[in-house]
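What you see below is based on every heavy atom in this structure, not just the backbone, and it leaves out hydrogens, waters and symmetry mates. Keep in mind that this is a model prediction, so the values were computed, not measured.
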Amino acid sequence: MHSPAMLFLDEPTLGLDAQTRRAIWEYIKELNKDENTTIFLTTHYMDEADFLCDRIGIIDHGKLLVMNTVDMLKKSVGNDVITLSCSDIQTLQKRLGQESWINKIQPHTSFLILSVEHGEEKIPTIFDIARTINVTISSVDVRRPTLDDVFLYYTGRSMREQDHESQEDGAKKPARFHLRRHQ
């Protein structure tokens with residue numbers, strides 16, 4: 001290949017095994033660095049975007065929702081992400097909404113996503129609050145934000161929900177657009 005100033009790649013690792021995917025990733029990074037090539041990359045693989053991209057844009061239903069660096073996008077979701085399932089999501093959401101230490105609450109059909117600082121320290125408090133309102137928590141997970149969390153935050157739904165919508169209206173809609181620029 002000649003050394004293009006700009007290269008567009010549409011899901012370059014779709015359907016490849018893990019070893020080949022990694023080889024392609026290394027080649028893309030090398031091309032970007034050594035040849036000073038700006039690379040626009042579309043992908044549905046968040047691990048791929050996290051590994052390759054300096055800047056990411058999320059496009060949903062043809063609209064650019066957000067574009068920033070990977071770190072800034074993750075920080076926009078919050079410091080820690082707590083995902084929990086419980087017996088009464090609406091009641092727990094309403095009560096947790098009164099807590100100033102919760103940055104964001106996102107309800108979904110069967111779970112809540114909370115964005116908080118020092119999430120592991122807040123778990124006992126969440127359980128105490130749930131007990132006082134007779135809500136049983138069935139599962140809880142605490143972790144640092146991922147690009148999947150960023151996607152959920154900005155689009156309001158998971159890829160699974162989006163794929164289901166796409167099948168209903170007969171067209172597959174690209175949901176994620178990731179941008180890599182040499183800086």
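Side-chain contact between Ile123 and Val142: present, with at least one pair of heavy atoms (C-beta onward) separated by less than 4.5 Å. Residues Pro12 and Leu41 meet the side-chain proximity criterion, which asks for heavy atoms closer than 4.5 Å. For the pair Phe40 and Leu7, the minimum side-chain heavy-atom distance is 4.5 Å or more. Under the 4.5 Å side-chain criterion, counting only non-hydrogen atoms from C-beta, Asn79 is not in contact with Ser115. Looking at heavy atoms from C-beta onward, Leu84 lies in side-chain contact with Leu92 at the 4.5 angstrom threshold. A 4.5 Å side-chain heavy-atom check between Ile105 and Leu112 finds at least one atom pair inside the cut-off. Taking 4.5 Å as the limit, some side-chain heavy atom of Phe51 sits within range of a side-chain heavy atom of Glu26. Between Leu147 and Lys74, some side-chain heavy-atom pair lies under the 4.5 Å cut-off.
Atoms CG and OG1, from Asp149 and Thr83 in turn, are 6.5 Å apart once rounded to the nearest 0.5 Å. Residue Leu114 holds its CG atom at 9.5 Å from CD of Gln93, rounded to the nearest 0.5 Å. Taken to the nearest 0.5 Å, the CG atom of Leu65 stands 7.5 Å off from the OG1 atom of Thr155. The line from CG of Leu73 to CG of Asp71 is 9.0 Å long, rounded to the nearest 0.5 Å. Distance check: Arg21 CZ to Leu14 CG gives 9.5 Å after rounding to the nearest 0.5 Å. From Met67, atom CE reaches atom CD1 of Ile59 across 9.0 Å, with rounding to the nearest 0.5 Å.
Pairing each heavy atom of Gly15 with each of Tyr45, the nearest pair is N-OH, 3.7 Å. Listed here is the closest heavy atom pair of Phe111 and Ile89: N-CD1, 3.2 Å. Across all their heavy atoms, Ser76 and Tyr154 have their closest contact at OG-OH, 2.9 Å. Here the closest non-hydrogen pair linking Trp25 and Leu52 is O-CD2, 3.4 Å. Nearest heavy atoms, Ser85 versus Ser110: OG-O, 3.4 Å. The two residues Cys86 and Ser138 have their closest heavy-atom pair at N-OG, 4.0 Å.
Counted by atom type alone, Thr125 and Asp128 present zero donor-acceptor pairs between their side chains at under 3.5 Å. In this structure, a donor-acceptor pair under 3.5 Å is present between the side chains of Thr43 and Glu48. Side-chain contact annotation: Asn32 with Thr37, donor-acceptor N/O pair under 3.5 Å absent.
Formation of a donor-acceptor pair under 3.5 Å by the Thr132 side chain with backbone atoms of Ile129 is found in this model.
Side-chain heavy atoms closer than 4.5 Å link hydrophobic residues (I, L, V, M, F, W, Y) into clusters, and following such links, possibly through other members, connects Ile58 to Ile113. Met72 and Met46 fall into different hydrophobic clusters, where Ile, Leu, Val, Met, Phe, Trp and Tyr are joined by side-chain heavy atoms under 4.5 Å apart, directly or via other members. In terms of hydrophobic clustering, with Ile, Leu, Val, Met, Phe, Trp and Tyr side chains grouped at heavy-atom distances under 4.5 Å, Val116 and Tyr153 are assigned to different clusters. Tracing side-chain contacts under 4.5 Å through hydrophobic residues (I, L, V, M, F, W, Y), one never reaches Val81 starting from Ile102; they form parts of separate clusters. Two different hydrophobic clusters hold Leu152 and Val140 under the rule that ILVMFWY side chains link at heavy-atom gaps under 4.5 Å.
More than 12 heavy atoms of other residues, nucleotides or ligands sit less than 6.0 Å from atom CD of Gln98. For Lys94, the NZ atom is loosely surrounded, since the number of other residues' heavy atoms within 6.0 Å does not exceed 12.
Of the candidates Lys122, Arg144, His118, Asp80 forms a side chain to side chain donor-acceptor pair (under 3.5 Å) with just one, namely Arg144.
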